[in-house]
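Written below as structure tokens is the structure these notes are about.
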Protein chains: 2
Amino acid sequence: MSLKHAILTLLETEEGSGYDLLKRFKDRLGFFWNASHQQIYLQLKKMSEEGLIEFEHETQKGKPNRKVYHVTDQGKQTLMDWIHGSVKVDKVNDAMLVKLYAGHLVNPEVLLAEIQKHTDIHQRMLNTFLALEQDYLSLDDQEKPQYALPYLTLRKGILGEQAWLTWAQEVNAYLKQL
Amino acid sequence: MSLKHAILTLLETEEGSGYDLLKRFKDRLGFFWNASHQQIYLQLKKMSEEGLIEFEHETQKGKPNRKVYHVTDQGKQTLMDWIHGSVKVDKVNDAMLVKLYAGHLVNPEVLLAEIQKHTDIHQRMLNTFLALEQDYLSLDDQEKPQYALPYLTLRKGILGEQAWLTWAQEVNAYLKQL
DNA sequence: TCCTCATATGCAACAAATTGCATAATTCCG
DNA sequence: CGGAATTATGCAATTTGTTGCATATGAGGA
């Protein structure tokens with residue numbers, strides 16, 4: 001299970017609450033990991049019980065209170081063990097491709113509409129990632145090294161989205177020509 | 001649940017056994033869908049109970065007997081309903097990126113070895129896809145139209161793998177220069 | 001005032017996927 | 001003759017993920 005390791009990784013970099021993690025996944029690390037708030041809160045509870053992380057209650061004014069989690073030594077060790085092991089190549093399960101494969105059953109318009117909807121979402125993600133890339137590139141040369149690895153993960157997001165959009169253009173061109 | 005729809009799509013194109021589906025996923029449609037034999041056999045059983053598919057026992061000599069499944073009218077209808085609806089954009093959960101994000105905790109060699117291992121696998125997949133593309137491109141112009149949509153899904157696999165390998169080169173260049 | 005949004009956390013039921021185990025026939029190689 | 005690979009199917013236990021529901025505060029707009 002890697003949600004555990006994704007959380008350990010993020011908390012090792014910077015402590016935070018479940019809500020913080022949710023926002024980091026949603027706003028910045030969508031190319032990297034996605035998890036619902038239900039998954040995150042439950043996982044934090046379990047990891048806390050296993051002793052991988054600990055939390056302090058933080059009282060806030062004007063906002064609900066937070067539980068701020070940080071990684072314990074045991075958690076750090078778990079992360080180190082995991083990182084020295086090997087991870088599986090990502091399993092691909094792409095429902096959009098299934099639909100296209102079966103596309104002869106419907107009008108091209110149905111497929112075009114679906115592709116368009118997905119294109120909008122992917123374009124928005126790419127824009128987000130490109131903006132983050134600009135943030136990195138405008139850093140001083142002294143600051144860059146510490147963000148180099150996260151930047152490389154961002155590059156994966158950018159290259160992935162660009163490939164998706166290139167593909168969508170091929171599909172569009174074909175479907176419109178029908 | 002989309003394994004159901006992936007199976008309906010494949011069986012609608014051509015009837016087959018659980019083992020056939022497993023091989024189609026593994027050898028040809030890995031860019032498209034992946035499922036274990038346990039998942040497939042269980043799903044076939046469920047779909048059979050729901051009336052979406054039916055099977056005939058096929059006795060073989062020299063090999064174990066097979067159950068050859070085909071889609072029923074009800075199954076076809078279920079597929080049509082699904083294809084007219086909309087699918088969610090794929091959820092990304094990439095353990096390799098998590099590892100790279102946390103890469104400051106280990107020697108670059110650890111990351112390089114992992115990247116290399118994944119590169120080999122992705123390169124092999126790309127080669128498979130490119131060979132399939134050649135098969136399509138060498139078809140007569142009269143035959144191409146009926147495979148056009150599957151070909152577009154193949155293009156997704158090719159563009160995706162190429163993007164992955166391009167990214168891996170960036171990562172390699174960075175890690176080696178450390 | 002009411003509604004929605006953002007912040008912040010959680011449980012319970014259900015669906016799906018993974019891991020481990022199990023069986024059985026034949027072919028192919030040493 | 002023994003062992004491994006290929007073909008072919010399946011169950012059970014566990015882990016993960018999804019969907020639905022629930023609660024509470026405060027800010028900002030209609």
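Order of the sequence lines fixes the chain letters, A, B, ..., with proteins taken first and strands second; residue numbering starts at 1 for each chain.
Ring centers of B:Tyr151 and B:Tyr136: under 6.0 Å apart, within the cut-off.
Computed from coordinates, the B:Leu22 CG to C:dT18 C1' distance equals 15 Å when rounded to whole Å. In this structure, the CG atom of B:Leu21 is 15 Å from the P atom of D:dT7, given to the nearest Å. The separation between A:Asn93 atom CG and D:dT16 atom C1' is 14 Å, rounded to whole Å. Spacing between atom OH of B:Tyr19 and atom P of D:dT6 amounts to 8 Å, rounded to whole angstrom units. A straight line from CG of B:Asn65 to P of C:dA24 spans 14 Å, rounded to a whole angstrom. As rounded to whole Å, 14 Å separates atom P of C:dA8 from atom CD1 of A:Ile40. When the C1' atom of C:dC11 is taken as reference, atom CD of A:Gln43 falls 16 Å away, rounded to whole Å. Whole-Å rounding puts the B:Glu50 CD to C:dA15 P distance at 11 Å.
Mapping B:Gly18 and A:Leu3 onto DNA chain D by nearest heavy atom places B:Gly18 at the nucleotide closer to the 5' end. For B:Ala35 and A:Lys67, each mapped to the nucleotide of DNA chain C holding its nearest heavy atom, the one lying further toward the 5' end belongs to A:Lys67.
With A:Trp164 contributing its side chain and B:Lys156 its backbone, the two residues share no donor-acceptor pair below 3.5 Å. With A:Lys67 contributing its side chain and A:Ser17 its backbone, the two residues share no donor-acceptor pair below 3.5 Å. Using a distance-only test at 3.5 Å, with no hydrogens or angles considered, a donor-acceptor pair links the side chain of B:Asn93 to the main chain of A:Asn34.
Closest to the A:Leu42 side chain, of the nucleotides D:dT7, D:dG10, C:dC11, is C:dC11. You'll find that the side chain of B:Tyr69 is closest to D:dG10, out of D:dA8, D:dG10, C:dG10. Closest to the side chain of B:Gln39, out of C:dA17, C:dG10, D:dG10, is C:dA17.
For B:Ser17 and D:dT9, the shortest distance from a side-chain N or O to OP1 or OP2 is below 4.0 Å. For C:dT18, one of the phosphate oxygens OP1 or OP2 lies less than 4.0 angstrom from a side-chain nitrogen or oxygen of A:Lys91. At the phosphate of D:dT9, OP1 or OP2 sits under 4.0 Å from a side-chain N or O atom of B:Tyr41. When the side-chain nitrogen and oxygen atoms of A:Lys45 are compared with OP1 and OP2 of C:dT9, none of them lie within a distance under 4.0 Å. Distances shorter than 4.0 Å separate none of the side-chain N or O atoms of A:Lys46 from OP1 or OP2 on D:dT15. At the phosphate of D:dC11, neither OP1 nor OP2 sits under 4.0 Å from any side-chain N or O atom of B:Gln38. Of the side-chain N and O atoms in A:Lys88, one or more sit less than 4.0 angstrom from OP1 or OP2 of C:dT19.
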Identify each atom pair where a protein N or O and an N or O of nucleotides 24-26 of chain D are less than 3.5 Å apart, giving names and distance.
from: D:dG26; atom 1: O4'; to: A:Gly62; atom 2: O; distance (Å): 3.1

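B:Asp73 has no carboxylate O lying under 4.0 Å from a charged side-chain N of B:Lys76, or vice versa, which leaves the two without a salt bridge. The existence of a salt bridge linking A:Arg155 and A:Glu133 is confirmed by a sub-4.0 Å separation between a basic side-chain nitrogen and an acidic carboxylate oxygen.
Taken from CD1 in B:Ile7 to CG in B:Leu79, the straight-line distance is 12.0 Å, to the nearest 0.5 Å. We find the CZ-CD distance between B:Arg66 and B:Glu58 to be 4.5 Å, quoted to the nearest 0.5 Å.
Cluster annotation: B:Leu3 is not connected to B:Leu42 through the hydrophobic network of ILVMFWY side chains, with a link wherever side-chain heavy atoms come within less than 4.5 Å.
When each of B:Glu14, B:Glu12, B:Glu54, B:Glu15 is paired with B:His70, the side chain to side chain donor-acceptor pair (under 3.5 Å) condition holds for B:Glu54 and for no other.
Rounded to 10°, the angle separating the first-five-pair axis and the last-five-pair axis of the helix from C:dT1-D:dA30 to C:dG30-D:dC1 equals 30°.
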